[in-house]
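Everything on this sheet refers to the single structure shown next.
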Amino acid sequence: MVTYPKRNNKLIPLAFLLIHSVAILIFTRGFLLTRTELPFHSTCSDVSLSPCLSPNPPIHHSNSNQNQPKCWTKPVVDRVVIIVLDALRIDFLAPSAFFPEAKPWMDKLTVLQNLAFGNESSAKIFKAFADPPTTSLQRLKGLTTGGLPTFVDVGNSFGAPAIVEDNFINQLVLNGKRLVMMGDDTWTQLFPNQFQKSYPFPSFNVKDLDTVDNGCIEHLFPTLYKDDWDVLIAHFLGVDHAGHIFGVDSMPMINKLEQYNTVLERVVDILESQAGPGGVHENTMLIVMGDHGQTLNGDHGGGTAEEVETTMFAMSTMKHTPSVPPEFDTSSCKQDPEGKQICISSIEQLDFAATLSALLGISFPFGSIGHVNPELYALGSSSLNLDNTKQPAVKEWLKSYVNVLCVNAWQVKRYIDVYSNSSVVGFSSDDMSRISNLYSAAEHHWSNSVKHILMYNDGNEDSTNTSALKAQIAAYLKFFSSVAELARSKWTEFNLSLMITGFGILVISLILQSLAIVHGDNKPYAVSSGLSTGAAFTLFIVLIRACSFLSNSYILEEGKVANFLLATTGLIKLRYSVMRKTMRKEAFVFLAMVSVLRVSIDIGLTKQAATSQFMSSSPTWMLGLAPDHPALTYAIEIAPILSVAALICVLYVAIARTHSEGIWKYVTVGSMLSYFLIALLWASESKIFGFDGLLQVIGGRNIIPQTVYVIGLVQLFLLASAHMFCSGKDKNWGSRTVALVSACSSPVILLSGKQGSMLALAYLLAGYCIMRLEGVERRTKSDGQNKFSKLDSVCVVQWSLLSVCMFFASGHWCAFDGLRYGAAFVGFDEFVLIRQAILLTIETFGFSIILSVFGLPLLIPSHGEKRHQLFQMYMLYGVISATTVTATILCVTIHRRHLMVWGLFAPKFVFDVVGLILTDVLICLASAFYL
Amino acid sequence: MNEAKKKKKLDSSIGVPNDDSISALAAFSMYLITGLFLGVGFWVARNKFSVDLVSDPPLTLFLLWSIEFPVVVIIFSLLRNAPEKCSCFRAIGRSILGLISGAFLNALGAISLGAPIGMQYLLRTVHWSFLMSVFTFVPATAVFGASWTDWHRVFASMKPSGNVEYMIFIPAYGAIIGGWFGAWPMPLDWERPWQEWPICVCYGAIGGYIVGQIVSLCAMFFLRKDEHLKVA
């Protein structure tokens, strides 16, 4: 083994780091769709930059709107009532004649159907298409910004859900409209300051069907009579919750729909009673819409037809609605049972923000890529033909619509240009030039002919004018549809071939890495029965863990799964140790430590359940002891400090035992000093020691943490320089490992808070037991001293599982709300991105990756040089990490259209990938340091 | 995996039988009796108390182990080592001790593997571990008593000698491995009532126990035959 080339060992981990990075980069390009949030806002004055007619001078009208300041387009409705019924399927509202079979939940909202299909109505039912992800938050964001929210909207709102992009609500506020909101509190999270009045109700309790709805109803009717608002938003959640709990085909769902029918009936009554000239609802538009659909089981989030197909009902209190020219009519018609022709139109939710902005006459949100829907716009434009009776209503409407579309197209083009210039990953130049061609063609047509028609409307040549207007509208619609198609392909569609390529590269790297372990292990005794049993067992455990990632349930309880497998390996080791009559104490201590970790994991799980939407919290770990019991608080204060003291003792013993002298020893002493400082900090923070005054004496609570960081950095610097200058002298890596691990551990413990020291102690004990139990199945009583130089794969698996358990036991979980942002500010008060990100990384992966990778050599109990074995262990550790990541990637690929893909699988993917890269980097560093 | 390991060990250790007090046929009839009383336990729970594992796990588990325990004790006391030195009552007495200590060890194992530790689960865990103890520890204590060498030989080294020891250790390992596999469906989000601790673990353990019995019968039958052939 001495002949093994030394240089090779250091380059191989680097090669795998590169392969993994490439694979993950390729996969991420296909999977994690990103969009950059632009900080720009539209303003009223922008419109002068566009080639379109500004709404003020040419169009003469004598409407009541005239005294209001004009913005981009001429306002056509005064007030809007938006009633959002969460998870409203299309078949809840559309008549059953449109579906192959009548189901019990259909035709319940009869009041809306009667309005839409009644004679000379100004109401319409639309089939609305949502874009995945079909979760409420993403949909509300999409509806209000007019964009396509992705999983990673790169912006400066990381963590807080408030929308920073320009949006419809924001534009309303800028234009002096008054907003009232009631219902789902997601709105107030997204728009914390925009509502003049809001009545939010908590939305997270899925089992509660009525609180939000009753609160909504209570405030809705009185508000409708008032005139102190312009836009009213009422968000009902009952149907969504009934679907989640009982499914679509259930009595609670039907009861909810019937309740909504009575509510809507009353809303319509109130609106119509006030709709006369001079009434508060003289020119009001009522919109009843779903934010997304749901499957028959009540699930939503993915992109199946049931989930994306929702519905919208729109009604204007002004009666005379111009009809839309048949070229732009999207309605599909059926015969109802009485033989009457009934039609529903269709609309994209993408177009909602633009259409509403046009109706209310405010500037369009900057990032909106939708277009003004002709039918919805027509519903509101009944005010247009009041003032001009000379011309037919259709023509008047066409003129108004073409100008709106002109502004709309200019705004979309502006966004696309700005986006591709300022975003990291913009659109490809081919796409950009295609879109630019379409736009310039439309604009050319506009300035050459249509503009003149609009400016000098003399009423002659009606047919040519109308066809020119229609051609203009068609050109604009073509431009819009190609923009929407491009945006969808960029922001909502996975690139499966990239994903599969990334996965394939990762699988190949796994095979190569496994070969690297076996390579060089060509000694005849290597494949003895003991080793092969251990290898098979290792494979079994790793494969079980990998397969467990294929189910969302096992991912949610990943900590428990890892703990279960770790305990299983512990039990197997216990059996062997009993069989060999050696190390029984260690085996028992190991199981005890596993039990300690599992309690800690349980506590972490309850924290996770409190915020996760997929888990129900079940406090199984409660011991019946009141949380504020004095003995308990005392123990909580004392135990961490005692653990730190124990760690100092361990380090002292470690120094005393080793015979090597020199720099390693001094580095370890530095760690003892750090530990002491940490204990001092914690003691001064708690009240029972009477050290309260200490912090004032030394000048603030940031001094100690900063000192610890500095000591850690100095230690690492000393170790690195010692390695560079004194290499070759000290071949014993036992003391080197102790020095390196202890140097890294003090910041980790400090950042982890008070649980950190106890966990570190448990980690140390469990690691010691793994080391002692190493190879116990091969050892017999007689050759207990005989150290095998072969690789014991089981102990590497145990170490890897233990590190996974440590991740969960230290209160983390694979979600962004599982990050402990508070840890980033230990020792610092102000925010500096890079510094705080490093601290957060150390806190998150400290125990599970940093300490476990650097501490791996401690598992080799014997002294002397076993460079090749250590290399094998690092490779094995890398293979185990890479296998789990490969399984996660496979799972993400399979479940890319799953309900939980954004809530659960994608965060897990991000955590795993970051963990793998970090592991690879650290393995490179460690093999440079140790080998 | 474990199964395979066990098989290998069995193949390599066609032991030297010291007492052949029981034939495969007798073992089979004893298994039938234990299986019958397990069924009786379920029947009593369902028809006399109108509970089952899902509706009231503690009571059902209590009924199961308290009905199964006397049967197992009586059967294995008849097979005890050195019957001339140790009275039947003594065997019964030590199996009660074995029941309690076995339950304790099983409970510890379950907790380290992740069994819930809340107060509301305490009773279930206790009764479950008693049932596991009946499957695993009670037969061995009834037969071996406190003889550590026998325990070690049979359970740790897996070098059983004679049919009785096959009867003890293969179903015991079967119950443990079955329970281990039985825990797998617990985290899944199917929201079935039997996913609660310890219902599916119980089913797994009972299933593993029965499979173990079948395997041990096969072992007796085929290994015996081998040996006869060899002797012949």
Side-chain angles (χ1 to χ4, degrees), chain A residues 529 533 536-541 543-544 547-548 551-568 570-572 574-581 584 588 590-599 601-602 605 614-616 618-625 777 805 900, chain B residues 1-9 11-13 104-125 136 148-149 151-159 169 172-173 176-177 179-192 195-198 201:
Chain A
S529 72
T533 323
F537 183 65
T538 308
L539 205 62
F540 177 68
I541 293 281
L543 284 185
I544 289 183
C547 291
S548 78
S551 162
N552 54 309
S553 317
Y554 290 121
I555 292 184
L556 272 177
E557 311 222 348
E558 192 191 342
K560 277 186 157 179
V561 173
N563 189 76
F564 181 75
L565 295 175
L566 183 62
T568 306
L571 287 173
I572 300 278
L574 174 68
R575 204 189 75 85
Y576 277 114
S577 73
V578 171
M579 186 165 107
R580 305 288 184 223
K581 299 185 177 169
R584 272 167 290 190
F588 275 113
F590 182 69
L591 282 177
M593 284 305 116
V594 173
S595 309
V596 168
L597 286 185
R598 67 142 289 189
V599 174
I601 289 172
D602 274 359
L605 271 178
F614 307 119
M615 288 180 74
S616 54
S618 53
T620 54
W621 54 277
M622 291 296 271
L623 291 169
L625 203 60
E777 58 266 41
C805 285
M900 298 181 183
Chain B
M1 225 299 294
N2 272 324
E3 214 61 30
K5 201 193 295 178
K6 197 182 301 171
K7 288 261 175 57
K8 199 180 290 172
K9 285 278 159 60
D11 290 340
S12 63
S13 63
F104 183 67
L105 286 179
N106 269 307
L108 284 189
I111 285 171
S112 78
L113 281 168
I117 46 175
M119 289 307 279
Q120 71 268 43
Y121 289 99
L122 183 66
L123 216 56
R124 300 176 185 210
T125 310
T136 52
W148 175 246
T149 46
W151 278 82
H152 187 261
R153 178 170 50 84
V154 173
F155 278 101
S157 309
M158 294 209 278
K159 285 175 184 146
F169 100 91
Y173 268 108
I176 291 172
I177 294 168
W180 189 80
F181 278 106
W184 284 21
M186 279 175 67
L188 290 172
D189 60 352
W190 299 341
E191 297 189 354
R192 298 297 150 89
Q195 285 178 291
E196 281 277 302
W197 164 256
V201 180

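We name chains A, B, ... by the order of the sequence lines, and we start the count at 1 in each one.
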B:I176 vs A:L571, side-chain contact (heavy atoms from CB on, under 4.5 Å): CA-CA, chis, key distance, verdict: CA-CA 11 Å; B:I176 291 172; A:L571 287 173; over 6 Å; no
Taking every non-hydrogen atom, the tightest pair across B:S112 and A:S595: CB-OG, 3.2 Å
Where B:I111 and A:R598 come nearest, the two heavy atoms and their spacing: O-CD, 2.8 Å
More than 12 heavy atoms from other groups under 6.0 Å of CZ on B:R192: no
Contacting region of B:W197 [heavy-atom separation from chain A under 4.5 Å]: neither
Chain A contact via B:W180 - which portion, at a heavy-atom distance below 4.5 Å: both
Contacting region of B:W151 [heavy-atom separation from chain A under 4.5 Å]: neither
Region of A:T568 that comes under 4.5 Å of a non-hydrogen atom in chain B: both
Where A:R575 and B:F155 come nearest, the two heavy atoms and their spacing: NH1-O, 3.5 Å
Minimum-distance pair of heavy atoms, taken over all atoms of A:V599 and B:I117: CG2-CD1, 3.7 Å
Exercise: identify the closest heavy-atom pair between B:P187 and A:E557: CB-OE1, 4.1 Å
Structural part of A:Y554 lying under 4.5 Å from a heavy atom of chain B: side chain
Selection from A:L591, A:V561, A:I544 maximising heavy-atom pairs under 4.5 Å formed with chain B: A:I544
Closest non-hydrogen atom pair between B:H152 and A:V578, with its separation: NE2-O, 2.6 Å
